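To keep things clear, I will list the structure first and then write my remarks on it.
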Amino acid sequence: MLRRDTSRLTKRAGLALGFFFFLMVLGELRFLTVFQADNLSEWFAAARGVVIGQPHWRAYQNRLLGPHIIEVLAWLSGSYRVGFFMFAGISLYAVKALWCAAVYRLTADRRAAVYSVIGFSALFLLLQDRHWLYPWDFLDTLIFSGLAYCMWTTRRILPLVLLFFAALFNREAALFIPLWLVLDGVRFINKQGWFSLEVASSGKIAGGSLLLVGGAAVTKLVRDALFVTSHHPTTGLDEAHALIGNHIYFGRNLADFFVGNLMNLDYAFVTALIVGFLLLLARRWQRTNHQARVTVLLLVMLMNVFVFGLINETRMFLMFIPFVLLLLQDIPPSGDVMRDDEADD
Amino acid sequence: MTKPTTKTDYLLYGGVFFLLTMVELRFLHVFLGQHISEWIDASHGIVIGQPHWRAVAHRILAPYIVHGLSQVTASYQAALIWFLGTALFAAKVLWFYLVERLTGSAIVALRYTVLFSAMFVMMQDRMWILPWDIVDLLVFSLFAYGIYKGCSIRFFVVLFFVELFNREAALFIALWILLEGMRFVDPRGWWTLEVVHRGRAVLGGALMIGGMAVTKWLRDTLFETSHFTWVGTDEAHRLIGNHIYFSRNVGDFFRNFASLENAAISLGLLAVVVLLKRAWRKEDRMVRLTLLWGAMVFNIFFFGLINETRMWQMLIPFVLLLVLQGAPQE
């Protein structure tokens, strides 16, 4: 059995670790440039489209952060391709450094932190979609790593609010952050196997709800204000999605999950992956408030992919990576999260 | 105190390996699937005496297994997919079992099996994956385990004969047996060799020479003509069979630093050298392992293409054990 490595990071070890992460990023970038070479021009068009008001769909128009950072990097480097891969490289490196620091702070075990980063990279590669990877997907891994870390370490509101405002301009998935605030304001009481809810902090519930409604409104406002026309001439003004912007694929996803995927070598693993994820949630289940909140949030996130996403577009599961790693490594919550963690039987 | 591993845990691990295999197959199908007819030509060509090159004519083990399977599946493509899936799953189960035996920990074994899978995916070539590459994963897992566990010479001899019909990389196993018969003495900082076990040294040497002879004989006997009409009877490689790419590879090694696609290959190689240096101890088995590593890397530089990343996959078990255990025990 490997021992816990609780030693402090020396300068030399830090440099070695930094180099190792750099090597992993280069490996990931090789993967993207070699195996997605045929799709790169479409990735660039999708990102540029958001900046000039001509994204693929109305639903993408509010995803401003990544495309605008790339725009600046492209301007600095003089090439959109270079700008895009600088952005990809920096965000892939940043997520490794951030995740390593986060897991180290949670476990005080250097080895566990490095393993977790390797696991992150492995899942990032294994979940690559056959066609698409957008700038907001890269930032999602950073944002949801931050959210997972906050969920496991703190019950303070400010870090989550700051994260929410950054995430809001990346993707509407930012709304999961205020949802966590709402869940954090609720206590789950276990009554003979059934849970009932009790208000633990009305401030958090009110604040979270306000951010949820406000976030949804800002998303809608930004979409309507900035969307000129679709990049695809056949989509035009995307009137079919003028109301909420997002597409609804629930029926198609259910059919894929239960029927289509099971007869297809390419996608059978998606169904298996989702079943595996649900089994992991069940296996890690403990009757604590923290666990109940985490489970509810992750199930809502999964449901969101089923309703608004495409389950076979595997990039949509990238945001789950940090949570899955914390659950797989069985890392318990720490700090003030623990104090509210007793079973309420 | 860690919990003992239960039957349910092992079942769960089996599920994880199955899932990983499915993900790998999906990866191969989605990102490399457009080349599958070329893989089939390369593999089936060996069975009918028309491989791509003379150098691969003796790699009969995997192509004949796939050929045997195709009698059941009625299509060579289906048989190849079955073979890839089964062998990839077997590679995971085997690696898990070996690491668990080495470390006594199922969790460590599970982690290293996931890592194995991730490295396998990350090191995929842009075009080629051939059946003998997957058998290599199995054989080299056992080879690396044998070195770290200190297995008997009989173990390596059996492994040698299996690998001989898969790929000429079997000669590395013979080289290890030869090295096991040597001791390295360091009088005043200079290394000299001393035969400490004549039987092993002679056996290793004999297997190397015999292995080369069998390889050459099989190539000359089984090779009729190349699958490529422009290669014909591959006269350019009649003497030793293999291609020699040393200068091209040395050039690529340095050129790679200026390429986003290939920088990871050269840097990865440097990282392995650093790992070896960190594990270095002036002990016989570590010296032998370093020489073996040197021979394997030099072999790829000489006869392979360093940027055809599948060639590095046989080193995955060695890299993982170097990270996990450092130097092998004396």
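So you know, we letter chains A, B, ... as the sequences are listed, proteins then strands, and number each from 1. Computed from a predicted model, the values in this text were never measured in an experiment.
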**Prompt:** Given a strict heavy-atom distance threshold of 4.5 Å, which part of A/Leu125 is in contact with chain B: side chain, backbone, both, or neither?
**Reply:** side chain
**Prompt:** Hey, is the main chain of A/Phe138 close enough, under 3.5 Å, to the side chain of A/Thr141 for a donor-acceptor pair?
**Reply:** yes
**Request:** Identify which part of B/Glu24 has an atom lying under 4.5 Å from any heavy atom of chain A, answering side chain, backbone, both or neither.
**Result:** neither
**Message:** Can you see whether B/Tyr112 engages A/Tyr115 through a side-chain donor-acceptor pair at a distance of less than 3.5 angstrom?
**Reply:** yes
**Fill in**
Bottom line for B/Leu270: the part with an atom under 4.5 Å from chain A's heavy atoms is neither
**Request:** Compute whether any side-chain donor of one residue and acceptor of the other, for A/Arg30 and B/Thr309, lie under 3.5 angstrom apart.
**Result:** yes
**Pairing of B/Asp9 and A/Arg283 as salt bridge, 4.0 angstrom limit** = yes
**Electrostatic pair A/Arg315:A/Asp137 at N-O distance under 4.0 angstrom** = yes
**Message:** Under 3.5 Å, is there a donor on one side chain and an acceptor on the other for A/Tyr267 and A/Arg130?
**Reply:** yes
**Prompt:** Under a 4.5 Å heavy-atom cutoff, which of A/Thr33, A/Leu29, A/Thr314, A/Asn264 has the most pairs with chain B?
**Reply:** A/Thr33
**Region of B/Leu28 that comes under 4.5 Å of a non-hydrogen atom in chain A** = neither
**Message:** Is A/Phe31 in contact with chain B via its backbone, its side chain, both, or neither, using a 4.5 Å heavy-atom distance?
**Reply:** side chain
**Message:** Quick check on the interface: out of B/Met123, B/Met22, B/Glu261, who has the most heavy-atom pairs with chain A under 4.5 Å?
**Reply:** B/Glu261
**Prompt:** Contact part of A/Phe20 toward chain B, heavy-atom cut-off under 4.5 Å: side chain, backbone, both or neither?
**Reply:** neither
**Item:** Side chain, backbone, both or neither of A/Leu32 within contact of chain B (heavy atoms, under 4.5 Å)
**Value:** neither
**Item:** A/Gln128 versus chain B, the contacting section by heavy-atom distance below 4.5 Å
**Value:** both
**Prompt:** For B/Ser259 and B/Asn256, does a side-chain donor sit closer than 3.5 Å to a side-chain acceptor?
**Reply:** no
**Prompt:** Per the ring-ring contact (aromatic ring centres under 6.0 Å, His included) rule, which among A/Phe124, A/Tyr104, A/Tyr93, A/Phe120 passes with A/Trp99?
**Reply:** A/Phe120
**Message:** Given 3.5 Å as the limit, does a donor-acceptor pair link the side chain of A/Trp132 with the main chain of A/Glu42, or not?
**Reply:** no
**Message:** Using heavy-atom distances under 4.5 Å, tell me whether B/Leu25 contacts chain A through its side chain, its backbone, both, or neither.
**Reply:** side chain
**Segment of B/Phe27 engaging chain A (4.5 angstrom heavy-atom cut-off)** = side chain
**Asked** Non-hydrogen atoms of chain B under 4.5 Å away: do they reach the side chain of A/Leu126, the backbone, both or neither?
**Response** both
